[in-house]
Amino acid sequence: MSAVSDRLPTFPWDKLEPYKKTAAAHPDGIVDLSVGTPVDPVPELVQKALIDAADSPGYPTVWGTPALRDAICGWLERRLGAREVTHRHVLPVVGSKELVAWLPTQLGLGPGDRVAYPRLAYPTYEVGARLARVAYETYDDPRDLDPAGLKLLWLNSPSNPTGQVLGKDELTEIVAWARAHGVLVVSDECYLELGWEADPVSVLHPDVNGGSYDGIVAVHSLSKRSNLAGYRAAFIAGDPAVLGPLLEIRKHGGMMTSAPTQAAVVAALGDDAHVHEQRARYAARREALRSALLSHGFRIEHSEASLYLWATRDEPCWTTVAHLADLGVLVAPGDFYGPAGDTFVRVALTATDERIAAAVARL
């Protein structure tokens, strides 16, 4: 019997290990700008909420507490401009990566169905398709796809890895195209609060969806905006006809966020101050790294949002990775995100101010 793991590609980050060893041998230590994991403290009010909820001996609910659903609905309306959001429109998930990897399976997709995602994209979109044994393909413009058999269309704005943002008009046209062809749109918006040279818009905004959530779902995470990657805290919002069955499936599968984490998310979504503080940290790091990379001979494309700089020296990406590793700086090769990235590297802003300054000095 073939193992499920046989369907999956080689875990990409394992390929970076030799370069990580090279970077770690630098006399001043490694500056790891590869994975993009948050390094700054969890906000104190979030830690307090987690601690206050630590005595939670009972099972949590998959749908989350009413307080959590209220917090999600309130944030969607306050921050994204969504309208008339009810509890039926929201569903907590155990981190967004889990949702991305298992969504095609939980939607009941299988052989004969098709999934599409951007030509440069987070590798887990492909993983999710492979796990469900569905055909998958990439696009530059989803409206150029053949809609026959296309069941799930992934959008990602702001993009990982490029930081590219889809404008309101383009999003509106894509949603209209997908609805006309009966294609479910799932928009990964995990970096939406990190726009620098653009103001990202959600598919949940009425200017995009015409005041209807039919056929659309948005994915949001607290990992980056609130430094909660270690908490595994995310949620989806949109069409109740999609979320309702997912809730039932996830109940059977026991895919529930811990009760203390649910309490922490309520606190995080109710406070904007810590988000502004974290944005300011990332903005300063971005400017420092961007200037240093440009001075070092790099060209930066897109990168108008998200936590990364999409940079190139117009050479094979692994040559760039090796060059930077010799300087003690570890970055992600662009081909992790598709063949179209084979001359780029993704440089994360997620390092301490001290480590960012070290990278800038070396560059």
Side-chain angles (χ1 to χ4, degrees), residues 12 33-36 80 96-97 100 115-126 136-145 152-178 185-205 207-209 216-221 223-225 279 282-283 285-287 289-290 293-294 298-314 317 320 331-350:
L33 307 178
S34 61
V35 176
L80 304 189
S96 59
K97 184 170 186 175
V100 172
V115 170
Y117 51 85
R119 191 171 303 281
L120 282 165
Y122 183 45
T124 312
Y125 303 134
E126 178 185 334
Y136 54 89
E137 58 195 275
T138 63
Y139 64 80
D140 291 315
D141 185 331
R143 293 164 291 185
D144 294 333
L145 294 166
L152 172 59
L153 173 63
W154 283 107
L155 304 181
N156 182 208
S157 175
S159 162
N160 174 16
T162 68
Q164 185 174 10
V165 172
L166 297 175
K168 184 184 294 184
D169 291 345
E170 188 173 7
L171 278 175
T172 302
E173 292 174 7
I174 291 170
V175 167
W177 176 89
V185 172
V186 181
S187 180
D188 183 346
E189 302 174 352
C190 290
Y191 297 93
L192 186 135
E193 294 207 89
L194 295 165
W196 311 114
E197 297 163 6
D199 188 13
V201 179
S202 171
V203 294
L204 301 179
H205 195 286
D207 287 354
V208 172
N209 60 44
I216 57 173
V217 174
V219 182
H220 284 273
S221 167
S223 292
K224 314 301 193 210
R225 69 173 311 266
R279 273 182 54 86
Y282 284 137
R285 293 166 186 167
R286 178 180 182 274
E287 183 54 37
L289 275 175
R290 184 176 180 278
L293 288 167
L294 291 173
F298 280 87
R299 186 177 78 255
I300 295 172
E301 293 192 359
H302 297 301
S303 307
E304 58 260 35
S306 84
L307 281 182
Y308 313 105
L309 293 169
W310 187 238
T312 181
R313 297 203 306 172
D314 296 308
C317 59
T320 308
V331 298
D335 65 4
F336 275 12
Y337 308 95
D342 62 2
T343 60
F344 284 80
V345 293
R346 193 195 74 170
V347 184
L349 310 179
T350 49

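Counting from 1, the numbers follow the sequence of the chain as shown.
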On a heavy-atom basis, which atom in [X] and which in [Y] lie closest, and how many Å separate them?
| X | Y | answer |
| --- | --- | --- |
| Arg346 | Val331 | O-CB, 3.6 Å |
| Leu145 | Trp177 | O-CZ2, 3.6 Å |
| Asp207 | Thr172 | O-OG1, 3.3 Å |
| Gly195 | Pro200 | CA-CD, 3.9 Å |
| Gly341 | Cys317 | O-CB, 4.2 Å |
| Asp342 | Asp335 | CA-CB, 4.3 Å |

Subject >> Trace of the side chain to side chain contact (heavy atoms under 4.5 Å, CB included) decision for Val345 with Phe298 >> reply: CA-CA 10 Å; Val345 293; Phe298 280 87; 4.2 Å; yes
I need the [X] [atom1] to [Y] [atom2] distance, nearest 0.5 Å.
| X | Y | atom1 | atom2 | result |
| --- | --- | --- | --- | --- |
| Leu192 | Asp199 | CG | CG | 8.0 Å |
| Leu309 | Leu349 | CG | CG | 5.5 Å |
| Leu166 | Glu189 | CG | CD | 9.5 Å |
| Thr124 | Lys97 | OG1 | NZ | 4.5 Å |
| Tyr139 | Asp144 | OH | CG | 11.0 Å |
| Arg286 | Glu197 | CZ | CD | 4.5 Å |

Taking the side chain as C-beta and beyond, is there a heavy-atom pair between [X] and [Y] under 4.5 Å?
| X | Y | value |
| --- | --- | --- |
| Thr350 | Tyr308 | no |
| Val115 | Tyr125 | no |
| Leu120 | Gln164 | no |
| Val203 | Asn209 | no |
| Asn160 | Tyr191 | yes |
| Arg225 | Leu194 | no |

Subject >> Val219/Cys190 under side chain to side chain contact (heavy atoms under 4.5 Å, CB included): CA gap, chis, key distance, verdict >> reply: CA-CA 7 Å; Val219 182; Cys190 290; 4.3 Å; yes
Got a donor-acceptor contact below 3.5 angstrom from the [X] side chain to the [Y] backbone?
| X | Y | answer |
| --- | --- | --- |
| Arg119 | Gly338 | no |
| Lys224 | Ser306 | no |
| Asn156 | Pro158 | yes |
| Glu304 | Val165 | yes |
| Ser303 | Glu301 | yes |

**OP:** Output, in order, the C-alpha distance, side-chain angles, deciding distance and verdict of side chain to side chain contact (heavy atoms under 4.5 Å, CB included) for Leu80 and His205.
**Re:** CA-CA 6 Å; Leu80 304 189; His205 195 286; over 6 Å; no
Original post:
Is the closest side-chain donor-acceptor distance between Tyr117 and Asp188 under 3.5 Å?
Top reply: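 No donor-acceptor contact under 3.5 Å links the two side chains.
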Original post:
What is the ring orientation for Trp310 with Tyr337, classed by angle as parallel under 30°, tilted 30 to 60°, or perpendicular over 60°?
Top reply: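 Correct class here is perpendicular.
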Original post:
How far apart are the C-alpha atoms of Val208 and Ile216, what are their side-chain angles, what is the distance that settles it, and do they pass the side chain to side chain contact (heavy atoms under 4.5 Å, CB included) test?
Top reply: CA-CA 11 Å; Val208 172; Ile216 57 173; over 6 Å; no
